[in-house]
Amino acid sequence: MSGKKIQRLRGFKDILPEETEKWQKAEEIIQKVFHQFNFKEIRVPVLEQNDLFQRSIGDVTDIVQKEMYSFKDRHGDTVAMRPEGTASVVRAYIENNLFYPPSVQKLYYFGAMFRYERPQAGRLRQFHQAGAEVFGSQEPYIDAEVIVALYTILRELNIENPTVHLNSVGCEVCRPNYLSYLKIFFEKNKEGFCPLCQERMLTNPLRVLDCKVESCKNLLSTVEGTYQHLCDNCDTHFEEVKKNLNLLGLTFTLDKFLVRGLDYYTKTAFEITSSSLGSQDAIAGGGRYDKLVEELGGPKTEAVGFAIGLERLISLMPEGRAGKRPDVYMISLGETAKEKAIKLLNDIRKEGFSGEINYQDSLKSSFKKASKGNFRFAILIGDEEVKEGVVSFKDLDAGEQQRISHNASEIIAQMQKLTP
RNA sequence: GUGGGUGUAGCUCAAUGGUAGAGUCCCGGAUUGUGAUUCCGGUUGUUGUGGGUUCGAGCCCCAUCAUCCACCCCA
């Protein structure tokens, strides 16, 4: 080895074979559940025009202001690596006229997202999300259905104690009302808040609501939440969502201060957390965004969606997919035996069986590798076998060994006989 | 972006400022062609990197990089 080692970028991770079993299981279950709810997969690019995210996520949010990987490409266009999935899916929905013919569109996606943040437990610069979006319905039932789909995924993956937090953040009618209510409250109680909160009252009043300082929390216990200041329209919608969730047997906790960090949310907002995660405790989050499609140049289209953080999800999974067991471990001793073994393995693989060959270790260590590798059968070819035109065929589970003819069909028949 | 902890063998970790070690893993062997356990033997390091202090630095100091934890924000 010479030369300087190149290491991966900060906040970026290699996902090694040991962990990919969990990833594969997560992906399998997620796809299965999405299909149960009649979602179709969409795949969108990782790179988009910078403007897309500014206009959708909001240009005063932290994500856009300080966390985006955005740069000028060789042509001089300002582009950005997506920090989340919804914006791209909405763009694709509009650009490909998926709103025609008019009907409900249910889409899901998987993908890597990028945010230039300081890495921490459960927080990376490249991370992965699985997300779902439903376009073209303002039915409260759809909000509930989407939450149930999300919850189903977590349940099927045996995630420990997930908690569903629910709120409604209102629309462009009720939000200003709520903000002026907050403003009055803050003015009355300004002195009791921490310096940071006093700052936030001016810059981002909603952020004051989830301050962790004790004195602030005490003061806030008497503040009313967003869902207590909804207009009639939003209020009935919220009531219906709750009713439907109860109907579907999903328990949730109302979180009057749940505010999501992206500007496009309206009405329903939800989040799923787990106490086993540490400081970054959200596994998934989402909500309704009835204005976004219009704002990005599409027809008036209401929508709901969510995204699951796959790294966080996977860290909570008790187990991965049971790896498929490899079938045959070929062991050969000597040159002629090696040639026979290579050809035999090739024939066996052609028939759809999996296998590995070892022609350089000692016999003992070869068998050791066969059992460590969880192989079902071992086939040994040495001088004796070559001479007699056979192979030694061993059932590694039973520990029984026999000599059988060295042609592939014989061996395959033997394997099929022993494999249920 | 701010604050704190940690970087020693592939992995998990030792080493009052005085010759860098153990376990594990891997490889070989224990009547020469068989998986476990046990036993014997063997390999492995620019102590993250670069400076500085010192007769002497894995250990002290500075810088840098990485990593972990928290703030912030969010998946």
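Chain letters run A, B, ... following the sequence lines, proteins first and then strands; every chain starts at 1. As a basis for the values below, the full set of heavy atoms in this structure was taken, side chains included, without hydrogen atoms, waters or symmetry mates. Only a predicted model underlies this, so the values are computations on that prediction, with no experimental measurement involved.
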Which base sits across from C59(B) as a Watson-Crick or G-U pair, both distances under 3.5 Å? none
Nearest-angstrom distance, C1' atom, C65(B) to G51(B): 14 Å
Would you mind pulling out the nucleotide paired to G3(B), Watson-Crick or G-U wobble, both distances under 3.5 Å? C69(B)
Using the C1' atom as the reference point in each nucleotide, state the distance between U16(B) and A75(B) in Å, no decimals. 48 Å
Integer angstrom distance from the C1' of C26(B) to that of U2(B): 45 Å
Do D281(A) and T273(A) pair up side chain to side chain, a donor and an acceptor below 3.5 Å, judged on atom types alone? no
Residues in side-chain contact (heavy atoms from CB on, under 4.5 Å) contact with L9(A), at least two apart in sequence or another chain: F12(A)
Compute both the distance and the angle, then confirm whether R125(A) meets the cation-pi test with Y116(A): under 6.0 Å from the six-membered ring centre, within 45 degrees of the axis. yes
Separation of D14(A) atom CG from U67(B) atom C1', in whole Å? 14 Å
Contacts of A341(A) meeting side-chain contact (heavy atoms from CB on, under 4.5 Å) (sequence neighbours excluded), chain-then-number -> M330(A), S332(A), I357(A), I381(A)
Separation between the C1' atoms of U19(B) and G7(B), rounded to whole Å: 24 Å
Base versus backbone protein contacts along nucleotides 44-49 of chain B [heavy-atom cut-off under 4.0 Å; B, S, -]: ------
Going 5' to 3' along nucleotides 68-75 of chain B, which nucleotides have protein heavy atoms under 4.0 Å from the base (write B), which only from the sugar-phosphate (write S), and which from neither (write -)? SSBBBBBB
C1' atom, C27(B) versus A9(B): distance in rounded Å? 16 Å
Would you tell me whether S168(A) and H237(A) have side-chain atoms, one donor and one acceptor, within less than 3.5 Å of each other? no
Who passes salt bridge (Lys or Arg N to Asp or Glu O under 4.0 Å) against E302(A), sequence neighbours left out? K300(A)
When both hydrogen-bonding distances must be under 3.5 Å and the geometry is Watson-Crick or G-U wobble, what is U16(B) paired with, if anything? none
How far, in whole Å, is G58(B) from G50(B) if one measures between their P atoms? 13 Å
Mind checking G334(A) for me? I need base, sugar-phosphate or nothing, with any heavy atom below 4.0 Å counting as a touch. nothing
Say whether E160(A) and S274(A), considering side chains only, have a donor N or O and an acceptor N or O under 3.5 Å apart. no
Between T78(A) and Q49(A), a side-chain donor and acceptor under 3.5 Å: no
Work out how far the P atom of G29(B) is from that of A36(B), and round it to whole angstrom. 14 Å
I'd like to compare against my own output: the B/S/- annotation of nucleotides 23-35 of chain B with a strict under-4.0 Å heavy-atom distance to protein. ---SSSSB--BBB
How far does the P atom of G3(B) sit from the matching atom of U64(B), given to the nearest Å? 12 Å
Sort out for me which residue in V33(A), L313(A), V164(A) forms a side chain to side chain contact (heavy atoms under 4.5 Å, CB included) with L154(A). L313(A)
Would you check if there is a donor-acceptor pair between the side chains of H406(A) and E385(A) at a distance under 3.5 Å? no
Could you walk me through whether D395(A) and R376(A) pass the salt bridge (Lys or Arg N to Asp or Glu O under 4.0 Å) test, one step at a time? CA-CA 7 Å; D395(A) 180 334; R376(A) 179 71 181 83; 2.6 Å; yes
Are K394(A) and F367(A) in a cation-pi contact, defined as NZ or CZ under 6.0 Å from the six-membered ring centre and within 45° of the axis? yes
